[in-house]
Amino acid sequence: QVQLVESGGALVQPGGSLRLSCAASGSIRSIYAMAWYRQAPGKPRELVARIASGGSTFYPDSVKGRFTISRDNAKSTVYLQMNSLNPEDTAVYYCNVVQGGAFAYTNYWGQGTQVTVSS
């Protein structure tokens, strides 16, 4: 019922910045949280930013102070501003939406966008 499309991934030099976007379409209702995850080859997918319906945010120590999650409800879009990038940030980044239903929550995922940090 919800479709997510990420964009903005690119090749960037260490110390550079990128802004990722995630556009949502479909049944945009009862959304409890939006988040960004990333996954590097051979490693599990990890949470990098989360914003709840009330606006509170969470970041793990690995990105705290460098990444910022925000949303534009009028455009049904969530953003991830990434600053001071380093090679450890190289991964496929995925947008995630948690939507409430009658008896359960449902997770929706985008197709992912590649971020590569290299000299």
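As the structure is a prediction and not an experimental result, all values here were calculated from the model. No hydrogens, no waters, no symmetry mates; every other heavy atom, side chains included, goes into these values.
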Stepwise side chain to side chain contact (heavy atoms under 4.5 Å, CB included) test for R50 and M34:
CA-CA 6 Å; R50 175 187 174 92; M34 304 179 191; over 6 Å; no
Spatial distance of atom SG (C22) from atom CZ (R71) [nearest 0.5 Å]
13.0 Å
For T68 and Y59, the nearest pair of non-hydrogen atoms, with its separation, is CA-OH, 3.4 Å
Applying side-chain contact (heavy atoms from CB on, under 4.5 Å) to V92 and not counting sequence neighbours gives Y94, Q114
If hydrophobic clusters are built from ILVMFWY residues whose side chains come within less than 4.5 Å, do I51 and Y37 share one?
no
Nearest-0.5 Å distance that lies between atom CG in L20 and atom SG in C95
9.5 Å
Given side chain to side chain contact (heavy atoms under 4.5 Å, CB included), test S70 with V78 step by step and report yes or no.
CA-CA 6 Å; S70 62; V78 61; over 6 Å; no
Which atom of T77 lies closest to which atom of S21, heavy atoms considered
CG2-CB, 4.4 Å
With the side chain counted from C-beta on, respond yes when S118 and L11 share a heavy-atom pair under 4.5 Å apart, and no when they do not.
yes
Between Y108 and V2, what is the shortest heavy-atom contact and its length?
CD2-O, 3.3 Å
In terms of heavy-atom contacts, does CD of Q1 have more than 12 from other residues, nucleotides or ligands at under 6.0 Å?
no
Check: M82 and L80 side chains under 4.5 Å, non-hydrogen atoms
yes
Tell me, with the steps shown, if N107 and Q99 meet side chain to side chain contact (heavy atoms under 4.5 Å, CB included).
CA-CA 7 Å; N107 277 288; Q99 184 181 59; over 6 Å; no
Side chains of P14 and N86: closer than 4.5 Å at any heavy-atom pair?
no
Taking the ring centre of each residue, are Y105 and Y32 less than 6.0 Å apart?
yes
What closest approach, in Å, do R38 and A91 show between heavy atoms, and which atom pair accounts for it?
CB-CB, 3.8 Å
Just do the side chain to side chain contact (heavy atoms under 4.5 Å, CB included) check on N83 and Q81 with the steps written out, would you?
CA-CA 7 Å; N83 300 323; Q81 178 66 46; 3.0 Å; yes
Of all heavy-atom pairs linking A35 and L47, the shortest is CB-CD1, 3.8 Å
So, does Q39 use its side chain to make a donor-acceptor pair with the main chain of Y93 at under 3.5 Å?
no
Examine R19 relative to Y79 and say whether NZ or CZ is less than 6.0 Å from the centre of the six-membered ring and inside a 45° cone about the ring axis.
yes
Would you say L18 and L85 make side-chain contact, with heavy atoms under 4.5 Å?
yes
Could you pull out the closest heavy-atom pair between I69 and A49, with the gap in Å?
CB-CB, 3.9 Å
Would you check if the side chain of T90 reaches a backbone N or O of T116 as a donor-acceptor pair within less than 3.5 Å?
no
Any side-chain heavy-atom pair from V97 and I28 closer than 4.5 angstrom?
no
Determine, using ring centers only, whether F67 and W36 are less than 6.0 Å apart.
no
